[in-house]
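Some notes on the structure that comes next.
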Amino acid sequence: LMPLEDPQLQGMLDPRARSLRGRLGMLPLAPEIEAALATLQVGDKQIVDVLTHEGNPAYPAGQHRAIMVELIDARPNR
């Protein structure tokens with residue numbers, strides 16, 4: 001997951017990027033990100049528009065943020 005607010009970081013490894021592993025529905029993700037991940041194939045990337053909420057003190061509620069999401073690996077649910 002990588003915020004895309006800083007155009008100077010395009011093409012570079014963003015230190016704010018996060019990797020998460022877990023089951024959909026169990027991870028602390030915004031609903032928009034979870035919905036996007038459910039549609040991706042391994043290796044696909046998608047830019048997701050996420051609406052911030054009151055529970056995130058770093059960003060005021062009601063603002064939109066562009067987040068690049070990439071599905072690196074997936075296993076079937078057993």
Side-chain angles (χ1 to χ4, degrees):
L1 307 175
M2 186 183 321
L4 298 176
E5 289 111 358
D6 190 349
Q8 294 178 354
L9 296 175
Q10 289 180 353
M12 299 171 60
L13 179 61
D14 189 336
R16 298 173 294 170
R18 291 184 7 185
S19 294
L20 297 174
R21 179 175 289 276
R23 294 183 183 193
L24 286 180
M26 306 285 285
L27 294 169
L29 295 173
E32 300 93 338
I33 293 174
E34 191 166 294
L37 284 171
T39 65
L40 296 179
Q41 299 291 321
V42 174
D44 288 349
K45 295 179 185 179
Q46 182 176 341
I47 296 175
V48 180
D49 182 41
V50 177
L51 182 63
T52 58
H53 55 85
E54 293 180 15
N56 187 347
Y59 301 97
Q63 290 189 350
H64 291 265
R65 298 185 65 213
I67 306 285
M68 183 172 56
V69 177
E70 179 179 8
L71 184 61
I72 296 172
D73 187 20
R75 289 191 302 189
N77 191 6
R78 297 179 196 217

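Note: Leu51 CG to His64 NE2 = 5.0 Å, rounded to the nearest 0.5 Å. The line from CZ of Arg65 to CG of Asp49 is 11.0 Å long, rounded to the nearest 0.5 Å.
Taking Gln46 as the reference, Ala36, Thr39, Leu40, Val48 meet the side chain to side chain contact (heavy atoms under 4.5 Å, CB included) condition, with sequence neighbours excluded. With sequence neighbours left out, the side chain to side chain contact (heavy atoms under 4.5 Å, CB included) criterion links Ala74 to Val42, Leu71. Residues satisfying the side-chain hydrogen bond (donor to acceptor under 3.5 Å, both in side chains) test with Asp73, not counting sequence neighbours, are none.
Between the side chain of Glu34 and the backbone N or O of Gly25 there is at least one donor-acceptor pair closer than 3.5 Å.
Each of Ile47, Ile33, Val50, Asp44 was compared with Val69 under the side chain to side chain contact (heavy atoms under 4.5 Å, CB included) criterion, and only Ile33 meets it.
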Query raised in the report: Is there a side-chain contact (heavy atoms from CB on, under 4.5 Å) between Leu27 and Leu37 once you walk through the steps?
Result: CA-CA 12 Å; Leu27 294 169; Leu37 284 171; 5.6 Å; no
